[in-house]
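Remarks on the structure that follows.
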Protein chains: 2
Amino acid sequence: MLVYGTCRVNEVPVHPCQSCALRKTPLFMPFSADDLRFMMHFRDGEVELDSGSMLFHEGDALTSFYTVLSGQGARYKTLQNGDRQLVNFVFPGDLVGLAGTVTGETTASMLAVSNMRLCRFRKNRLPELFGRQPERAYALTWIAAVEEHFLGETIATLGQRNATQRLAWALLKVYQRLEIVGMADQDGSVPFPYRQGDLADALGLSLVHTNKTLAHLRPWARLANGRLSVTNRDALAKLAISNGDSPIQRPLL
Amino acid sequence: MLVYGTCRVNEVPVHPCQSCALRKTPLFMPFSADDLRFMMHFRDGEVELDSGSMLFHEGDALTSFYTVLSGQGARYKTLQNGDRQLVNFVFPGDLVGLAGTVTGETTASMLAVSNMRLCRFRKNRLPELFGRQPERAYALTWIAAVEEHFLGETIATLGQRNATQRLAWALLKVYQRLEIVGMADQDGSVPFPYRQGDLADALGLSLVHTNKTLAHLRPWARLANGRLSVTNRDALAKLAISNGDSPIQRPLL
DNA sequence: CGACCTGTTGATGTCCCTCAAAGGGGGTGG
DNA sequence: CCACCCCCTTTGAGGGACATCAACAGGTCG
């Protein structure tokens, strides 16, 4: 279990949606001009989050949810004995806090692992979204469905894959997810601010064994200087017993 | 990995929503008369599924989704090496196939483990739901959020709990979920048609070790004759490192 | 320079998997 | 009505993957 520093959340001036680079990325489905106009009006400010600070805690009743504009984070649950399970890594384009907003109780805590910028939406305007923009509301349940898909995959890897397979799977997924939103460098590396302990908590492994297994994977993928380099994607996919497909396209909110 | 028999899905006459006992159960939020009227009109038939048959397979493009009226099932994923991971048990009141309907590709296979009756909804009428009944559409994303909550809990148990804790957690959850929809008997038992191999595949354990661990849990919970009996709920919750809370209330579709 | 965090490596133990075999119970066929 | 079979459960033995404990190296920051 790892402990991080305290919080800092800042209101910041908004960037116009038109200039949002995420939108044009192949991960996301095209925006109509109408969509864009409505979202500009529907969104409610932008927020910056320092690395190490929390956006919300497990059990909070949220009044806002967010899509990640930049930076990386993690959602995690804490068991009563203090053990931590990282539920998923959070990347640009992800929507966080929707479940906690809708049901009134957050299912996991959300931590910034790098500095982050978030686009905020207010719960009290959800009726407007559902009442006046059924297509955007449909996009919202689409996003929830995609989320379910990922969690299901995670369950399969925690249940059925051994340490090597888990790590290969995770590194490959992370790389592909960041690559498709344009964060991969020429040299085949992506930003990876997480610690080995974070990976361990995400995959249900001990820190020590995570470290030793990472060493075995180094011919195909390595962690260094806060970046993840993947040098042999196919080998990694084979190790992971995964088809190596890119992430499926989905709506952006 | 277990293999089940072949399929059989039958169209059957519908039962009126008014007489649906599930609705009145404390798991679900109250229905307004309006809701009821619309859902009567929106639903599209009823379906019966024999034990051992599949409702859909991983990768299918679904044209319908369903809420379970009676019976029990399982959603599972199959890795490329043939290993099976049971993603969740499926109980009366659960909505299945929504994600596969929305995204166009099913995330897991759905198997009937007892005879089941399902209430069907058609994808091509979703626009009508979102366009004309925003509150029901909101209920849909609420349901998706609840689903996410459960999958997150499962991830935490696969990642952090040992065999005893996993089994205690699973048995308790199953018991509580079935009890709250009125399926518990006087003697503190609920129907449990699953095999020990199903439990093993759900919890990421081997069949043998599942069996041996179940033996240790017998003072507090036991499996016999297709039923699960829980004799000491608090002890089970303590073993499971869980608060033992009942399932949260949610909408029914 | 010392405190602290993260990564790395070695030694030891244990939880759980795999292999193996035997004991019910229900169904089918002779 | 019994014999046989199949599926599921149960139990034992042995081994391996991974956890835990421990110590050290390098980098960063006060």
Side-chain angles (χ1 to χ4, degrees), chain A residues 1-6 51-52 74 79 81-85 113-114 157-168 170-171 192-218 221-229 239 241, chain B residues 1-6 51-52 74 79 81-86 111 113-114 157-168 170-171 192-218 221-229 239 241:
Chain A
M1 185 181 60
L2 301 176
V3 180
Y4 285 85
T6 46
S51 175
L79 298 201
N81 61 8
D83 282 357
R84 186 181 79 144
Q85 173 68 37
V113 177
S114 72
T157 102
L158 293 187
Q160 304 300 328
R161 287 187 241 253
N162 65 25
T164 307
Q165 297 164 342
R166 290 186 207 190
L167 277 161
L171 297 182
F192 192 85
Y194 308 93
R195 311 274 149 231
Q196 293 189 5
D198 296 324
L199 259 179
D201 285 348
L203 297 174
L205 300 170
S206 73
L207 169 56
V208 172
H209 197 244
T210 299
N211 178 285
K212 289 173 180 170
T213 307
L214 277 173
H216 294 141
L217 291 179
R218 274 207 261 275
R222 65 190 316 137
L223 263 32
N225 308 318
R227 298 189 70 86
L228 158 66
S229 311
L239 272 177
I241 326 177
Chain B
M1 186 182 59
L2 302 176
V3 179
Y4 284 85
T6 46
S51 175
L79 298 201
N81 62 7
D83 281 358
R84 185 180 79 144
Q85 173 67 37
L86 222 144
L111 167 72
V113 178
S114 73
T157 101
L158 293 187
Q160 304 300 328
R161 286 186 240 253
N162 66 24
T164 307
Q165 296 164 342
R166 291 186 206 190
L167 276 160
L171 297 183
F192 193 84
Y194 308 94
R195 312 272 150 232
Q196 294 189 5
D198 297 323
L199 259 178
D201 285 349
L203 298 174
L205 300 170
S206 73
L207 169 56
V208 171
H209 197 243
T210 299
N211 178 283
K212 289 173 180 170
T213 308
L214 278 174
H216 293 141
L217 291 179
R218 275 208 259 276
R222 66 191 313 139
L223 261 34
N225 308 317
R227 299 189 69 88
L228 158 65
S229 311
L239 271 177
I241 325 176

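Values below: all heavy atoms of this structure, side chains included; hydrogens, waters and symmetry mates excluded. Lettering follows sequence order; numbering is per chain, from 1.
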> If you take all heavy atoms of A:Q196 and A:N211, which pair is closest and at what distance?
Replying inline: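 In this case the closest contact between A:Q196 and A:N211 is OE1-ND2, 2.9 Å.
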Roughly, in whole Å, what's the span from [atom1] in [X] to [atom2] in [N]?
{"X": "A:L203", "N": "D:dA19", "atom1": "CG", "atom2": "C1'", "value": "15 Å"}
{"X": "A:L167", "N": "D:dC18", "atom1": "CG", "atom2": "P", "value": "10 Å"}
{"X": "B:L214", "N": "D:dC8", "atom1": "CG", "atom2": "C1'", "value": "13 Å"}
{"X": "A:F192", "N": "C:dT6", "atom1": "CZ", "atom2": "C1'", "value": "14 Å"}
{"X": "A:D198", "N": "C:dG7", "atom1": "CG", "atom2": "P", "value": "8 Å"}
{"X": "A:N162", "N": "C:dT18", "atom1": "CG", "atom2": "P", "value": "11 Å"}
{"X": "A:N225", "N": "C:dG7", "atom1": "CG", "atom2": "P", "value": "11 Å"}
{"X": "B:L205", "N": "C:dC15", "atom1": "CG", "atom2": "P", "value": "14 Å"}

>> Need one value for A:L223: base, sugar-phosphate or nothing, where a base atom within 4.0 Å counts as base even if backbone is also close, heavy atoms only.
In response: nothing
>> Need one value for B:G226: base, sugar-phosphate or nothing, where a base atom within 4.0 Å counts as base even if backbone is also close, heavy atoms only.
In response: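 Contact class for B:G226: none.
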> Between A:T164 and A:V208, which is nearer to the 5' end of DNA chain D once each is assigned its nearest nucleotide?
Replying inline: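 This one resolves to A:T164.
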> Does atom CZ of A:R227 have more than 12 heavy-atom neighbours, drawn from other residues, nucleotides or ligands, at distances under 6.0 Å?
Replying inline: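 Yes, because the 6.0 Å sphere around CZ of A:R227 holds more than 12 heavy atoms from other groups.
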>> I'd like to know whether CG of B:N225 has more than 12 heavy-atom contacts from other residues, nucleotides or ligands below 6.0 angstrom.
In response: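 No, CG of B:N225 has 12 or fewer neighbouring heavy atoms, counting only those of other groups under 6.0 Å.
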> Less than 3.5 Å between a donor and an acceptor, one on the side chain of A:K212 and one on the base of C:dG10, is that the case here?
Replying inline: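 By the distance-only test, yes, there is a pair.
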> What distance separates B:L158 CG from B:L205 CG, expressed to the nearest 0.5 Å?
Replying inline: 8.5 Å
> So, are B:D198 and B:R84 salt-bridged, with charged N and O less than 4.0 Å apart?
Replying inline: yes
> Does B:R161 have a side-chain nitrogen or oxygen under 4.0 Å from the phosphate oxygens OP1 or OP2 of C:dC15?
Replying inline: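 It does not, given that no N or O in the side chain of B:R161 lies less than 4.0 Å from OP1 or OP2 of C:dC15.
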> Do any side-chain nitrogens or oxygens of B:Q196 fall under 4.0 Å of OP1 or OP2 in D:dC7?
Replying inline: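 Checking D:dC7 against B:Q196, no side-chain N or O comes under 4.0 Å of OP1 or OP2.
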>> Checking contacts here: which listed nucleotide (D:dC8, C:dT8, D:dT10) is nearest the side-chain heavy atoms of B:R195?
In response: D:dC8
> Counting side-chain heavy atoms from CB outward, which of D:dT9, D:dA19, C:dT8 is closest to B:N211?
Replying inline: D:dT9
